[in-house]
Every structure is written in structure tokens, then in C-alpha cells.
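Notes follow once the structure below has been shown.
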Amino acid sequence: MSALVAGAVLGLVIGAVCRACDIPSPAPPTPIGALLVVAMTGGYVVGGLV
């Protein structure tokens with residue numbers, strides 16, 4: 001669980017730094033792409049629990 005929280009915090013920090021420095025975000029620009037990332041992350045987390 002702590003790895004999940006650390007990953008979320010790291011993602012937010014990277015996003016904030018990219019926004020502050022006007023660097024293009026490394027995230028998908030569409031909602032479908034973002035949902036794909038969430039699904040892949042969820043599968044990775046669930047797979048780690050099994």
C-alpha cells in the first residue's frame with residue numbers, strides 16, 4: 001500500500017515540475033489514454049497482490 005501512495009505522490013510531483021518548467025507532460029493527452037494508464041496500473045497492483 002505504501003508503494004501505491006509513493007507512486008501517486010511521485011506522479012503528482014513530476015506533473016507539477018513539468019507544469020512549472022513548461023515541459024510537455026509525459027501523460028497521455030486524451031481521457032482514453034489516461035484510462036488506459038489507470039487500467040494498466042490497477043492490473044499491476046492487483047497482480048502484485050495475487
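- With sequence neighbours left out, the side chain to side chain contact (heavy atoms under 4.5 Å, CB included) criterion links V9 to V5, V13.
- Its side chain within the 4.5 Å cluster rule, L36 clusters with M40 among the Ile, Leu, Val, Met, Phe, Trp and Tyr residues.
- A pairwise comparison of heavy atoms in P24 and C18 identifies O-SG, 4.4 Å as the closest pair.
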